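Note that these values count all heavy atoms, side chains included, but never hydrogens, waters or copies made by symmetry. Treat the numbers as computed from the prediction; the structure is a model and nothing was measured.
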Amino acid sequence: MERPILTPVTMEAFLRQIDALAQRLAASAWRPDYLVGIGRGGLVPATYLSHATGLAMLSVDMSAKLPDFGEALLTRLAERAAAGARLLFVDDINDSGRTINHVRHVLTQAGAPPSEAMRFAVLMDNVRSGASVDYRAETIDRAVTKDWFVFPWEAVASRETILADWGDVPERTR
């Protein structure tokens with residue numbers, strides 16, 4: 001099996017991405033009531049963005065595939081959105097769009113109103129993704145950039161673990 005190019009995202013680059021997101025959010029007329037970190041990759045960016053903006057942070061875990069920590073929490077967030085709360089979901093990368101589309105679908109099915117109640121922010125946005133986001137720190141084009149980005153919080157993992165994560169959906173980088 002072909003291996004990806006593993007490209008580290010330095011802490012300095014990550015902090016620039018957080019600053020870019022905070023600036024874009026500040027320049028927007030839309031103000032969220034809560035940031036929602038999408039676990040696993042969006043938790044650290046959401047924490048940093050929460051500190052940079054002063055906004056409260058919640059979290060939902062989509063990586064473990066445990067309904068009580070994913071789908072059930074999305075349903076509760078949809079109830080908050082239906083009651084008027086504005087939610088900004090934060091993830092590390094919008095690559096295929098699968099996670100963002102899933103979150104958006106579950107929230108809408110559970111009764112959350114459309115875009116005024118929920119928006120999405122990512123550090124990296126693939127221009128060829130199947131999902132759109134509202135805020136991005138930078139864009140990539142998977143037709144050109146095939147690298148597997150290793151964010152600072154992932155850098156402590158073994159090479160084997162990082163390659164296993166890549167191996168779950170290797171077509172993203174082909």
Would Val90 and Val36 count as a side-chain contact (heavy atoms from CB on, under 4.5 Å) if you check the C-alpha gap in whole Å, the side-chain angles of each, and the deciding distance to 0.1 Å? CA-CA 6 Å; Val90 181; Val36 183; over 6 Å; no
Any non-hydrogen side-chain atom of [X] less than 4.5 Å from a side-chain atom of [Y]?
X	Y	result
Leu107	Leu77	yes
Ser132	Ile100	no
Leu88	Tyr34	no
Ile5	Lys146	no
Leu6	Trp166	no
Glu116	Arg86	yes

Gap separating the [atom1] atom of [X] from the [atom2] atom of [Y], nearest 0.5 angstrom:
X	Y	atom1	atom2	value
Asn126	Ser96	CG	OG	8.5 Å
Arg119	Leu35	CZ	CG	13.5 Å
Thr10	Phe151	OG1	CZ	11.0 Å
Leu123	Ile93	CG	CD1	9.0 Å
Arg3	Ile162	CZ	CD1	12.5 Å
Thr47	Leu43	OG1	CG	6.5 Å

Checking Leu49, Leu25, Val122 against Tyr135 for side-chain contact (heavy atoms from CB on, under 4.5 Å), the one that qualifies is Leu25
From Glu154, Gln17, Arg16, residue fulfilling side-chain contact (heavy atoms from CB on, under 4.5 Å) relative to Val9: Gln17
Can you name the closest pair of heavy atoms from [X] and [Y] and give their distance?
X	Y	value
Arg24	Arg136	NH1-O, 3.1 Å
Trp153	Pro45	CH2-CG, 3.6 Å
Gly84	Asp33	O-OD2, 3.9 Å
Leu87	Ala81	CD1-CB, 4.2 Å
Ser158	Thr161	OG-OG1, 2.9 Å
Leu74	Phe89	CD2-CE2, 4.1 Å

Does [X] use its side chain to pair, donor to acceptor, with the backbone of [Y] at less than 3.5 Å?
X	Y	value
Ser28	Trp30	yes
Ser50	Leu55	yes
Gln109	Val106	no
Asp134	Phe120	yes
Arg98	Asn101	no

Strictly by modelled atom types, are Asp125 and Asn94 linked by a side-chain donor-acceptor pair under 3.5 Å? yes
Can you tell me if Tyr48 has over 12 outside heavy atoms packed within less than 6.0 Å of its OH? no
For the CZ atom on Arg76, are there more than 12 heavy atoms of other groups (residues, nucleotides or ligands in this structure) within a distance under 6.0 Å? no
Transitive ILVMFWY side-chain link Val127 to Met124, under 4.5 Å: no
Should the pair Asp141-Arg128 be classified as a salt bridge under the 4.0 Å nitrogen-to-oxygen rule? yes
Decide salt bridge (charged side-chain N to carboxylate O under 4.0 Å, His left out) for Arg40 and Asp61; before the verdict, give the C-alpha distance in whole Å, the side-chain angles of both, and the deciding distance to 0.1 Å. CA-CA 6 Å; Arg40 176 163 88 170; Asp61 184 1; over 6 Å; no
One pair to check against side-chain contact (heavy atoms from CB on, under 4.5 Å): Val44 and Phe14. What are the steps and the verdict? CA-CA 10 Å; Val44 174; Phe14 166 64; 4.0 Å; yes
